[in-house]
Amino acid sequence: MTTTPHSLIRLSAAEMAAKLRAGEITSVKLTQAHLDRITEVDGQINAFLHVSAEEALATAAEVDAIRTAGGDEAENLHPLAGVPIAIKDLIVTKGQPTTAGSKMLQGWMSPYDATVITKIRAAKLPILGKTNLDEFAMGSSTEHSAYGPTRNPWDTSRIPGGSGGGSAAAVAAFEAPLALGTDTGGSIRQPGAVTGTVGTKPTYGSVSRYGAIAMASSLDQIGPVTRTVEDAALLHELIAGHDPKDSTSLNEPVPAFAQAAADTDVAGLRIGVIKQLQGEGYQSGVLERFNESLQKLRQAGAEIVEVDCPSFDYALGAYYLIMPSEASSNLAKFDGVRYGTRVVPEDGSLTIERVMGATRAAGFGEEVKRRIILGTYALSAGYYDAYYGSAQKIRTLIQRDFDAAFEKADVLISPTAPTVAFPLGEKLDDPLAMYLNDVATIPANLAGVPGISVPGGLSEGLPVGIQFLAPVREDARIYRAGAALEKLLQEDAEPLWARIPDLEGAK
Ligand code: GLN
């Protein structure tokens, strides 16, 4: 039987890798099939800001040549070698533009690779290109990109989540089997939830942040975006590990995540339902799917307990002080002097203050400016204690809530996002409504704990995500629980991604 490219792109990354190893397909054919898909459908999705066809095919050809030659080099290829990947355009890549979704970095080429990119190149995964995002990763819908919104492949009149909507939509639309995202407050997990894909935010420090353009350094983490839990585990293993270039990087061996994802026995696993992350504000369809998932896990032998995390009610408020404070400092470097866009004031005055002012006025979008102003205010002399100081105290209380919850439960569970994908434009003029999308994902960033979103069925024909959280350094547990739920839900239904409507005009 010959595998047509159409069925090829619908395999999981692990299945693609197995076919490559068995010599049933070549990486060039696999990579070309994804590039063709991008050509066919990305006009409707706008997941990609840059497609690097030539570079991807060159890497693919290199992998094929190594396999054809055989011997040690072929034996030692990384298990995912030859499987293509897309990269969120917040992660710097040598030889390809990096924009952060901002006019500020239009046309900017990084002189170096992020550590995760170095690892991906060493493992020889063809890089398909860079994916769209809310400007500097600030947003929950990818509508704040300076390069136009990304659309949700489930319904192109709806948002794909954010800020990593490009990576999630690319994976959901079969334009890439694997992608990288960054998660500061939910930007991997929430897009995963609303596009029916899998997304992991690793333990803070487990994946190097070197080369991820910083939004809020104490919260940012790079992580995998995939269609299956096993694929997320495989990609996580590839990108994790100690990096001396990131001072917050954990100096510990990388656990066997893929092995954890293969253990889908949840008998005796204590799963804590977070009292604060359900009920008011959550759509009834989302809660129905959530309760069904709990039921399935209970039937499979998991012990479901309720946990109380009272400080989570203040997580969103604390996040929207800490994140803008750190961002206001991190984004100070975009000044029209060091790199990126430079705008000369209209009257031609060339003082450094005027050039910086004109550059930042023209280069940053509205949401980025809103957060810089908010962060600068929160850090200002008279208000530091009242705002930033209080937010840091709440952060500590949230960490304590997690500690207490993990005494009673091995993993915690909640809906990933309170709603399914909403129509484009619906929340664009209402920042607070937009911020509420991350109410369930933000606590994990404030505490540094790992989290995963796995598809949990449909509501009104649109994907619902289920989130698992585990203690710091126990990422293996979210893979075990996530893979278990994935398997249980597939006992009586096709995987969610297999049910995605065909994109019109696509072959
Ligand atoms: N939506 C959140 C925000 O706008 C999360 C962003 C992120 O995780 N990068 O801050």
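Order of listing sets the numbers, starting from 1, for every ligand and every atom in it.
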Undergrad: With heavy-atom distances below 4.5 Å as the criterion, would you say the side chains of Val368 and Ser102 are in contact?
TA: no
Undergrad: For Glu292, check salt bridge (Lys or Arg N to Asp or Glu O under 4.0 Å) against everything at least two apart and list the hits.
TA: Arg289
Undergrad: Out of curiosity, Phe48 CZ to Ile38 CD1, how far, rounded to the nearest 0.5 Å?
TA: 3.5 Å
Undergrad: Between Tyr384 and Tyr388, how do the two ring planes meet: parallel, tilted or perpendicular, split at 30° and 60°?
TA: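 Ring orientation, 0 to 90° scale: tilted.
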Undergrad: Got a donor-acceptor contact below 3.5 angstrom from the Gln221 side chain to the Val207 backbone?
TA: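 Side chain of Gln221 to backbone of Val207: a pair is present.
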Undergrad: Spell out, as yes or no, whether a donor-acceptor pair under 3.5 Å connects the side chain of Arg477 to the backbone of Asp410.
TA: yes
Undergrad: What are the distances between nitrogen or oxygen atoms of ligand 1 and protein nitrogen or oxygen atoms, counting only those under 3.5 Å?
TA:
residue, atom, partner, partner atom, Å
ligand 1, 1 (N), Gly139, O, 2.8
ligand 1, 1 (N), Ser140, OG, 2.9
ligand 1, 1 (N), Asp438, OD2, 2.5
ligand 1, 4 (O), Gly139, N, 2.8
ligand 1, 4 (O), Tyr320, OH, 3.4
ligand 1, 4 (O), Arg371, NH1, 3.1
ligand 1, 4 (O), Arg371, NH2, 2.8
ligand 1, 8 (O), Thr184, N, 2.7
ligand 1, 8 (O), Gly185, N, 2.7
ligand 1, 8 (O), Gly186, N, 3.3
ligand 1, 8 (O), Ser187, N, 3.0
ligand 1, 8 (O), Ser187, OG, 2.6
ligand 1, 9 (N), Ala137, O, 2.9
ligand 1, 9 (N), Ser163, OG, 3.4
ligand 1, 9 (N), Ser187, OG, 2.7
ligand 1, 10 (O), Tyr319, OH, 2.6
ligand 1, 10 (O), Tyr320, OH, 3.4
ligand 1, 10 (O), Arg371, NH1, 2.8

